[in-house]
Amino acid sequence: MNIKDYILVIAEKPKSAEKIAYALGNPKKYRINGVPVWFVMRGTSRFVIAPAAGHLYTLHTESKGFPVFDYKWVPKYIVEPESIFTRKYLNVLSMLAKNAKEYINACDYDIEGSLIGYMIIKNIGDIKRSKRAKFSSLTASEIVRAFNNLLPLDYNMIEAGYCRHILDWLWGINVSRMLMSIYRSVFNEKRILSAGRVQSPTLSYVVNIDLQRKTHVPVPYAYPSIKIFIDNKIFKLIPIDSPFNSLSDAKEYLENIKRDPRATVLDIIVRDERIEPPHPFNLPDLQSEAHRIYGFTPYKTQKLAEDLYLEALISYPRTNSQKLPPTLNNREILEKLSQNIVYRTLVKTLLAETRGILRPNNGPKEDPAHPAIYPTGEGTLKGLSKDHIKLYDLIVRRYLATFANPAVVQYVRIEFIVHGRRYYLSTNIVRSRGWLQYYPYIHFNGEEISLKLLRKGLQIPIHEAKIVIHFTKPPHLPSKISLVKWMEEKGIGTEATRAEIVETLFKRGYLYMRGRGSGVSELGILISFLLKDYVEELISVELTRKFEERLNMILNMKAKCDDIVEEAKEMLLKYINRVKSLDIQTLRAEISKYIEMSDNNGRRCMICKRSVYANNLCIFHNIALENIRSAYETWRKFGFSWTQYLEKLLKLKSTGSYVKEVCRHLIKQGEF
DNA sequence: GCAAGGTC
Ligand SMILES: [Zn+2]
């Protein structure tokens, strides 16, 4: 390659490079060492568009131990074996950078993209001869507009990205090393442990749920169970009013019914409801639906979607947007999709019922760099697994559905009154399937209720009435998908990282699969509580808020990265010095609070080997005891003596394990 | 060896 006098355009990834190249003119594609690059003339200027593959540089240290503050930037492929694929991208960019007369950072317009391009130009190009292309989407007109209005390098964004990297690195590496050091000194065993701004609050969330379950004391409540006949079909009425909290109130109510066993129809509501089509998929919604419909974990869905993207079957999947770009040629995509026999009829129906007016039901969620996920109509499914095809099918159907007509569902609700308490029956009947034809994964139809004999004020004999005692249940163990959703809701992690970070918690042995839920290991509990004791900031999502606030200050030139990094180092030093000042006995004593150590020589819980916290019990058994005591008040109103109560708790499935252990202990002790 | 963030 002897051409000089060209401008090197750096894209974040190959797919973006291609779009940029085609927006700028009529490009010619080459492959250098397996990396695609595009040459294009624009006016009298020659552009060479070459891709990165995300971050090509990362932070690294050679130092052992902690605190560790001497990081440096190095090519990623050198220090991360799993990033070896970035080597060829960096090599091709280096080669092209040598003779380039100018450099344009055309990575995604966010802090990470600004940093990706900057690091490349700084290391293998020349920042004095560089510019930034700023576009909000990768459409031809946006790209052209950006190249007609090239900006100087966006140093504020670069600095914010730079700072985000360093902060996460400092917190993550230092605290991880501190945990490993504590673990090794106490257990005389090496073990890989980790902590971080995103993973640690997530772990702590699961540990809290696990603790709630283990210390759960079911509390009784009573609902009337009333059955009536409507047109020879039996129905159980659903209570509207709150339950009885004492057995005597419930029994009194039942007596009233026995005296006068009639239900009166209060109201009959029949109305048609329009159910709008679903929004186009973003990654969280896709992960959620693939889990609901096919049982895929969020990580699996993400990997499958990435494969489909690399096969050009779908658009970029790591997006939070629920909006299809207004410039998207949906007509053309539909025509291509209809070449697949599976979708031919569906596409035909869709074009007929929309009369060709394709307006997606875009949702509110946005993404700084990418639109919602849609099928391209291109690529081939040949050689892909059954699961790939399932996911592709889901994406195509969702895409079709979002253009379709609303579904019309007839909603029927009948309200009753029985001795001053209200009940209802309800059902749905799909009147017009609309978008459900394309996306038939939601079932609206309920049991049919015949309305022909019903009218307001009608009194219907009660067929059966009894009081049913229910017990409160603890929260479920969160599934992987609910953890990803929780992270999204709390605003930690990104589309690209959440599912993977959940997997990290499993890889570390903090969590394990218990059915579809995530159980917490003793190690997970220990790590979560040690962090709470020694680095409390790290188990809260507020640390992310604090980072965001600092990064925003950098963006607004109200702070410098160096000062923020200094602040973080000071905080970390404070935490680290405190832990370093503790002797091994103190650490052992601390750990003995949370897990059972066979050589715990301190005062032990009467039930387990953990150290005493209060009432001669460890921290967990003591919570259980307090819950047992405070829940008894309600149980008493249901006629349970203290002993009967404890014995009943032992029999109930939803009673927490720590609670059962305390019950056995109390019974054995004869504390009646 | 450890994070979280990009992406093949
Ligand atoms: Zn205990």
Side-chain angles (χ1 to χ4, degrees), chain A residues 10-17 33-36 51-68 71 76-77 79-90 92 107-108 110-120 160-184 190-203 302-303 305-307 309-311 316-319 368-370 487 492-505 507-508 527 535 538 543-544 547-548 551 568 572:
Chain A
I10 298 156
E12 186 152 323
K13 47 187 174 284
K15 285 263 162 55
S16 308
N33 299 337
V35 175
H55 286 291
L56 299 184
Y57 293 86
T58 191
L59 290 165
H60 180 70
T61 185
E62 313 259 287
S63 310
K64 307 279 172 218
F66 69 102
V68 51
Y71 45 82
K76 212 164 155 59
Y77 72 86
V79 294
E80 287 181 12
E82 69 277 16
S83 298
I84 187 71
F85 71 91
T86 60
R87 180 184 189 159
K88 59 183 185 201
Y89 290 88
L90 189 56
V92 169
C107 294
D108 297 347
D110 51 34
I111 64 171
E112 302 295 337
S114 293
L115 182 65
I116 290 169
Y118 170 79
M119 289 305 295
I120 293 165
Y162 191 90
C163 193
R164 203 279 309 150
H165 262 256
I166 295 171
L167 290 177
D168 273 328
W169 190 91
L170 285 173
W171 279 87
I173 302 297
N174 278 286
V175 178
S176 296
R177 287 183 178 185
M178 188 169 89
L179 288 175
M180 286 187 271
S181 155
I182 294 176
Y183 190 94
R184 208 166 100 186
K190 268 195 180 176
R191 180 160 188 140
I192 296 174
L193 299 172
S194 63
R197 174 177 59 83
V198 180
Q199 63 171 262
S200 296
T202 309
L203 173 63
Q302 182 170 341
K303 289 291 154 203
E306 280 164 5
D307 292 341
Y309 165 69
L310 292 175
E311 291 296 323
Y316 183 83
R318 292 179 285 251
T319 175
H370 303 94
M487 294 160 87
I492 59 173
T494 68
E495 279 59 46
T497 58
R498 287 179 200 123
E500 204 170 357
I501 288 173
V502 168
E503 295 301 321
T504 300
L505 294 174
K507 198 164 101 190
R508 297 275 173 265
I527 296 303
V535 202
L538 194 58
L543 186 61
T544 297
F547 276 29
E548 287 164 349
L551 298 186
L572 283 165

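Residue numbers begin at 1 in each chain, while the letters A, B, ... track the order of the sequences.
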With heavy atoms under 4.0 Å as the rule, sort Thr58(A) into base, sugar-phosphate or nothing. base
Base, sugar-phosphate alone, or nothing: which one does Glu80(A) contact when heavy atoms must sit under 4.0 Å apart? base
Using a heavy-atom cut-off of under 4.0 Å over every strand shown, decide if Gly493(A) touches base, sugar-phosphate, or nothing. sugar-phosphate
Note: for Lys303(A) and Arg498(A) on DNA chain B, the residue whose nearest nucleotide lies more 5' is Arg498(A)
Could you tell me if the side chain of Trp171(A) sits less than 4.5 Å from the side chain of Leu543(A), heavy atoms only? yes
Classify the nucleic acid contact of Pro51(A) as base, sugar-phosphate or nothing, counting any heavy atom under 4.0 Å across all strands shown. nothing
Can you pull the contact range of chain A along DNA chain B, 5' to 3', using atoms under 4.0 angstrom from its heavy atoms? dG1(B) to dC8(B)
DNA chain B nearest-nucleotide lookup for Tyr57(A) and Thr61(A): closer to the 5′ end is Thr61(A)
Looking across every strand, which nucleic acid part, if any, lies under 4.0 Å from Arg197(A) by heavy atom: base, sugar-phosphate, or nothing? sugar-phosphate
For a quick check of understanding: with a heavy-atom distance under 4.0 Å over all strands, which category does Ser194(A) fall into, base, sugar-phosphate or nothing? sugar-phosphate
Excluding sequence neighbours, so at least two apart, what forms ring pair (Phe, Tyr, Trp, His ring centres under 6.0 Å) with Phe66(A)? none
Touch class at under 4.0 angstrom, heavy-atom based, for Ile173(A) against every strand present: base
Give Tyr309(A) one of three labels, base, sugar-phosphate or nothing, depending on what nucleic acid heavy atoms sit under 4.0 Å from its own. sugar-phosphate
Using a cut-off of 4.0 Å on non-hydrogen atoms, how would the nucleic acid contact of Lys76(A) be classed: base, sugar-phosphate, or nothing? base
Going by the rule salt bridge (Lys or Arg N to Asp or Glu O under 4.0 Å), which residues pair with Lys303(A) if we only count those two or more places apart in sequence or in a different chain? Glu306(A)
Give one of base, sugar-phosphate or nothing for Leu193(A), where a contact means two heavy atoms less than 4.0 Å apart. sugar-phosphate
Report which part of the nucleic acid Lys64(A) touches: base, sugar-phosphate, or nothing (heavy-atom distance under 4.0 Å, all strands). base
Name the nucleic acid region contacted by Tyr316(A), choosing base, sugar-phosphate or nothing; use a 4.0 angstrom heavy-atom cut-off, strictly under. sugar-phosphate
Residues which pass ring pair (Phe, Tyr, Trp, His ring centres under 6.0 Å) with Tyr162(A), listed by chain and number, not counting sequence neighbours: Trp73(A)
Could you give the side-chain donor-acceptor pairs of residues 53-60 of chain A under 3.5 Å, partners two or more places apart or in another chain?
{"unit_1": "His55(A)", "atom_1": "NE2", "unit_2": "Glu112(A)", "atom_2": "OE1", "d": "2.8"}
{"unit_1": "His55(A)", "atom_1": "NE2", "unit_2": "His165(A)", "atom_2": "NE2", "d": "3.4"}
{"unit_1": "His60(A)", "atom_1": "NE2", "unit_2": "Glu62(A)", "atom_2": "OE2", "d": "3.4"}

What does Gln199(A) touch in the nucleic acid at a heavy-atom separation under 4.0 angstrom: a base, only the sugar-phosphate, or nothing? sugar-phosphate
For Tyr309(A), does the six-membered ring have the charged nitrogen or CZ of Lys15(A) within the cation-pi criterion, i.e. under 6.0 angstrom from the centroid and within 45° of the normal? yes
Mind checking Ala195(A) for me? I need base, sugar-phosphate or nothing, with any heavy atom below 4.0 Å counting as a touch. sugar-phosphate
Those residues at least two apart in sequence (or on a different chain) that pass salt bridge (Lys or Arg N to Asp or Glu O under 4.0 Å) with Asp168(A) are Arg164(A), Arg197(A)
